[in-house]
Amino acid sequence: MSRILLTTTIPYVNARPHLGFALELVQADVLARHHRLLGDEVRFQTGTDDNSLKNVRAAEAEGIAVRDLVDRNAAEFARLAGPLSLSCDDFIRTSADPRHRSGVERFWRACSADLYRRHYEGLYCVGCEQFYPSDEQCPEHDAPLQRVSEENWFFRLSRYRDELYGLIDSGRIRVEPAERRNEILAFIAAGLSDFSVSRSQARARGWGIPVPGDPGQVIYVWWDALGNYLTALDYAKGEHGHWWSGADRRIHVLGKGVLRFHAVYWPAMLLSAGEVPPTDILVHDYLTVDGRKISKSALSGVGGGQGAPGVLSAVGGASAEVCPGASGSLDVSGRSGGGLAGTDLSAVDPIGLVEAYGVDAVRWWLLREVPRVGDVDFTARRLIARHDGELADGLGNLVNRVVSMVHRYRDGIVPEARETALDEVRGQARGLVIEALEAFDFRAATAAVYAVAEEANRYVNRVEPWRLAREGSPRLDAVLGTLVATCRELADLLAPFLPDASVRIAGQCRGERLADPVPLFPHHRPRGPAPARASSVLSSHPSPVTAGRAGG
RNA sequence: GGGGCGGUAGCUCAGCCGGUUAGAGCAGGGGACUCAUAAUCCCUGGGUCGCGGGUUCGAGUCCCGCCCGCCCUACCA
């Protein structure tokens, strides 16, 4: 039994949550549930990064107070837990949680040996909130840049280069997949320079956590945000030992866009503060929706007609576009803020998807079809194909036919007898799931579970229980007993991945006498001779083909 | 500009340190069965493995160059 801390990144709350972040939450949730079932002591935490300047800008755009915008949107993120069936133990908000500010201040002081002031001067665009190297116009705003000269705090990252390299190279900090590990090693090898960890109150617009002892400066949002991993553990009170240094594993789940912060900056900060680094950094790639990046414009207007801006940018890393306007996004319309008329906005809203297709379908797609490396395109069509093909026709139908046969041939009474036919697959599945999840491979894990259902379906066809019943064969008891036991095991195997479905399957297979069979996963595909009706089912998630251009 | 990663059957993807006729799922085609959510099961895939060179007895699998996509980073002002 191990003690395991699992975290997701905490997203900016300048917009509502989208499917990309749901991916990260679900991945972390699966790992949390998996380890709890293995008997490990698990803490799974998430939260929101309220202190980003992005939030300030979003509030200004909407004409409301930052506090209000942040509170409203953070609630949207917190609300994901229910619809997505997340088993979070904690949710920390960097602007509102009393543990955070005091924790960040303490953490800052703990790093004081590596913090120093340095003069900085550059050309700054107020609109972009960033410095530009040239003395020309701001490329985004066509406005003149301002010469800003100020002193900021810097963190002595450079001195940790060799140590960081060694930690990652040796696997003491495991970066998964290996492609990301190589990437970050190359980055470190190229040299690390000290980075700025504060900005003036003016540039921060007075939003954020002031530097302890230097109220004219605000702590850099990344320093602040990364700190959540510790502050949520009551670092401020010095009570983080149980879940940080005391944990066997400290696992961060994040998107590829924020790898550097988690594999370089954060471990260095921890070392500086005298804390142990994380043990696992699990990196996922991004989602696109109907072939488009999940971006600012794609979400415009989703927020209750307020023209809610925004990319869910993010510490979240799960977002497709991390730094709008500055990252060279290919999203042409991002500049004007005009929404993409043709983009299926609702498809990026995880709650909307759950309402339309159910949490099992959404989780199954995220786990089953997102590869370890490489972006994937989400479409309602693909989600439906997975759901109907595997959950409904494969798994659901298996349970349904088994329960039906038990009723038809044995009055619902589950026979005691067993055969060994399915023992091998069932045994294999357990091991494969553990192996796959250890490798951060959700597709392989779900494939191993699904393989049990497939094998069970083959077993039914091979054995032909209906024939045994006709012939009055005594073998029928053992066959039915085996199948019910297998369905029960499927419920167990599925628990970390599809907790809701797991409960429903277990409900169908519980007890000496089974309940009447009920379809567990109603189809979502358009069916029957009434295409009009079918299309209404899909209206909120039109196919990419029809949706893509329709409104444009 | 630099660094990293991708580009494999219509679609989505597996292919570890190079080695017999390049695989899976889905879709498509054919068949079987009837317990079941018109579900299931069986058979059926011959694709320049992005392009061009090279190394090797032998290369999706290694090296070089190029093209395309994505990520990070920089932008010799």
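The figures here come from the full heavy-atom set of this structure, side chains too, leaving out hydrogens, waters and symmetry mates.
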Visitor: Tell me the interatomic distance from A:Phe195, atom CZ, to B:A74, atom C1', rounded to whole angstroms.
Guide: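 The distance from CZ of A:Phe195 to C1' of B:A74 comes to 18 Å, rounded to the nearest Å.
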
Visitor: Output yes when A:Asp477 and A:Arg410 qualify as a salt bridge under the 4.0 Å nitrogen-oxygen rule, no when they do not.
Guide: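 Here A:Asp477 pairs with A:Arg410 in a salt bridge, since their nearest N and O are under 4.0 Å apart.
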
Visitor: Describe the nucleic acid contact of A:Arg470 in one word from base, sugar-phosphate, nothing, applying a heavy-atom distance below 4.0 Å.
Guide: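 It contacts sugar-phosphate atoms only.
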
Visitor: Determine the Euclidean distance between corresponding C1' atoms of B:A9 and B:G28; express it in Å to zero decimal places.
Guide: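 Approximately 13 Å lies between the C1' atom of B:G28 and that of B:A9.
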
Visitor: Base, sugar-phosphate or nothing for A:Leu520? Non-hydrogen atoms, less than 4.0 Å.
Guide: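 Base contact.
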
Visitor: Short question: side chain of A:Ser502, backbone of A:Ala491 - any donor-acceptor pair under 3.5 Å?
Guide: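 Present.
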
Visitor: May I have the distance from A:Ile184 (atom CD1) to B:U73 (atom C1'), rounded to whole angstrom?
Guide: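 Whole-Å distance recorded here is 11 Å.
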
Visitor: How many whole angstroms separate atom OH of A:Tyr286 from atom P of B:C71?
Guide: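 So the OH-P distance, A:Tyr286 to B:C71, works out to 8 Å.
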
Visitor: Would you kindly give the NE2-to-P distance between A:His407 and B:A36, to the nearest whole Å?
Guide: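 Checked: the NE2 to P distance equals 12 Å.
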
Visitor: Between A:Arg180 and A:Phe187, who's closer to the 5' end of RNA chain B by nearest nucleotide?
Guide: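 The residue closer to the strand's 5' end, by nearest nucleotide, is A:Arg180.
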
Visitor: Is A:Ala392 touching bases, backbone alone, or none of the nucleic acid, heavy atoms closer than 4.0 Å?
Guide: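 Base, at least one base atom sits under 4.0 Å.
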
Visitor: Do A:Leu422 and A:Val452 have side chains that approach each other closer than 4.5 Å (heavy atoms only, starting at C-beta)?
Guide: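 Side chain of A:Leu422 against side chain of A:Val452, heavy atoms only: no contact under 4.5 Å found.
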
Visitor: May I have the distance from A:Lys256 (atom NZ) to B:G3 (atom P), rounded to whole angstrom?
Guide: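 Between P of B:G3 and NZ of A:Lys256: 19 Å.
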
Visitor: Mind checking the P distance from B:G58 to B:U21? Whole angstroms is fine.
Guide: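 Here B:G58 and B:U21 have their P atoms 15 Å from each other.
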
Visitor: Drop me the distance from A:Leu480's CG to A:Arg475's CZ, to the nearest 0.5 angstrom.
Guide: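 Nearest 0.5 Å value for the CG-CZ distance: 11.0 Å.
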
Visitor: With a 4.5 Å cut-off on side-chain heavy atoms, are A:Trp364 and A:Leu498 touching?
Guide: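 Yes. Closest side-chain heavy atoms under 4.5 Å.
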
Visitor: Taking any heavy-atom pair under 4.0 Å as a contact, classify A:Tyr409: base, sugar-phosphate, or nothing.
Guide: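 Sugar-phosphate only.
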
Visitor: When the P atoms of B:A22 and B:G60 are considered, how many whole Å apart are they?
Guide: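 Approximately 10 Å lies between the P atom of B:A22 and that of B:G60.
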
Visitor: Is it true that A:Arg372 and A:Glu176 make a salt bridge, defined as a side-chain N closer than 4.0 Å to a carboxylate O?
Guide: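 Salt bridge flag = yes for A:Glu176 with A:Arg372.
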
Visitor: In whole angstroms, how far is the C1' atom of B:U34 from the CG atom of A:Leu468?
Guide: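 From A:Leu468 CG to B:U34 C1': 14 Å.
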
Visitor: Is the distance from OP1 or OP2 of B:A36 to the nearest side-chain N or O of A:Arg408 less than 4.0 Å?
Guide: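 For A:Arg408, the contact criterion (side-chain N or O under 4.0 Å from OP1 or OP2 of B:A36) is met.
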
Visitor: For a stem of at least 3 consecutive Watson-Crick or G-U pairs with distances under 3.5 Å, i pairing with j, i+1 with j-1 and so on, which stems involve RNA chain B?
Guide: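 B:1-7 with B:67-73, B:10-13 with B:23-26, B:28-32 with B:40-44, B:50-54 with B:62-66 - these are the stems of 3 or more pairs that involve RNA chain B.
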
Visitor: Might you point out which heavy atoms bring A:Leu395 and A:Tyr450 nearest each other, and give the distance in Å?
Guide: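 That would be N-CE1, 4.3 Å.
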
Visitor: Pick the P atom in B:C16 and in B:G23, then give their distance to the nearest Å.
Guide: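 So the two P atoms sit 15 Å from each other.
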
Visitor: What's the CG-C1' distance between A:Leu185 and B:G2, to the nearest Å?
Guide: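 Result: 17 Å.
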
Visitor: Given the P atoms of B:G18 and B:C72, what is the spacing between them in whole Å?
Guide: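 Going atom to atom, P in each nucleotide, I get 32 Å.
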
Visitor: In whole angstrom, give me the gap between the P atoms of B:G50 and B:A14.
Guide: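 Per the computed distance, 14 Å lies between those P atoms.
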
Visitor: Indicate yes or no: at least one non-hydrogen side-chain atom of A:Leu287 is less than 4.5 angstrom from one of A:Leu366.
Guide: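 Yes; the side chains approach each other to less than 4.5 Å.
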
Visitor: Using the P atom in both, what is the distance from B:G15 to B:U61, to the nearest Å?
Guide: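 After rounding to an integer number of Å, I get 15 Å for this pair.
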
Visitor: For a quick test of reading the model: is some side-chain N or O of A:Arg381 closer than 4.0 Å to OP1 or OP2 of B:C26?
Guide: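 A:Arg381 to B:C26 OP1/OP2: no side-chain N or O under 4.0 Å.
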
Visitor: Please enumerate all protein N or O atoms sitting under 3.5 Å from an N or O of nucleotides 40-44 of chain B, with distances to 0.1 Å.
Guide:
from	atom 1	to	atom 2	distance (Å)
B:U40	O2'	A:Arg401	NH1	3.0
B:U40	O2'	A:Asn461	OD1	2.6
B:U40	O2	A:Asn461	ND2	2.9
B:C41	O4'	A:Asn461	ND2	2.7

Visitor: Before you tell me yes or no, could you show the steps for A:Leu23 and A:Gln27 under side-chain contact (heavy atoms from CB on, under 4.5 Å), namely the whole-Å CA-CA distance, both residues' side-chain angles and the distance that decides it to 0.1 Å?
Guide: CA-CA 6 Å; A:Leu23 168 68; A:Gln27 289 183 331; 3.7 Å; yes

Visitor: Can the ring centroids of A:Tyr229 and A:Trp266 be said to lie less than 6.0 angstrom from one another?
Guide: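 Here the rings of A:Trp266 and A:Tyr229 have centres that are less than 6.0 Å from each other.
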
Visitor: Return yes if a side-chain donor-acceptor contact under 3.5 Å exists between A:Tyr265 and A:Arg260, otherwise no.
Guide: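 Per modelled atom types, A:Tyr265 and A:Arg260 side chains form a pair under 3.5 Å.
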
Visitor: Tell me the interatomic distance from A:His262, atom NE2, to B:C71, atom P, rounded to whole angstroms.
Guide: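 About 19 Å, once rounded to whole Å.
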
Visitor: Can you name the atoms? Protein N/O to nucleotides 12-14 of chain B N/O, anything below 3.5 Å, with the distance.
Guide:
from	atom 1	to	atom 2	distance (Å)
B:U12	O2'	A:Arg382	NH2	3.3
B:C13	O3'	A:Arg443	NH2	2.7
B:C13	O2'	A:Arg443	NH2	2.8

Visitor: Does the pair A:Arg426 and A:Asp492 meet the rule for a salt bridge (Lys or Arg N to Asp or Glu O under 4.0 Å), with working shown?
Guide: CA-CA 11 Å; A:Arg426 288 164 59 181; A:Asp492 290 345; over 6 Å; no

Visitor: Which value, in whole Å, describes the distance between the C1' atoms of nucleotides B:A36 and B:U48?
Guide: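 To the nearest whole Å, 46 Å.
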
Visitor: Want to settle it: does A:Glu464 or A:Arg260 sit nearer the 5' end of RNA chain B, counting the closest nucleotide to each?
Guide: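 Looking at the nearest nucleotide for each, A:Glu464 comes out on the 5' side.
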
Visitor: Below 4.0 angstrom, N of the basic side chain to O of the carboxylate: do A:Lys256 and A:Glu183 qualify?
Guide: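 Salt bridge: no.
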
Visitor: Under the rule syn = chi within 90° of 0, otherwise anti, which is B:G15?
Guide: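 That one's anti.
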
Visitor: Can the ring centres of A:Phe195 and A:Trp222 be said to be less than 6.0 Å apart?
Guide: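 For A:Phe195 and A:Trp222, the ring centres are not under 6.0 Å apart.
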
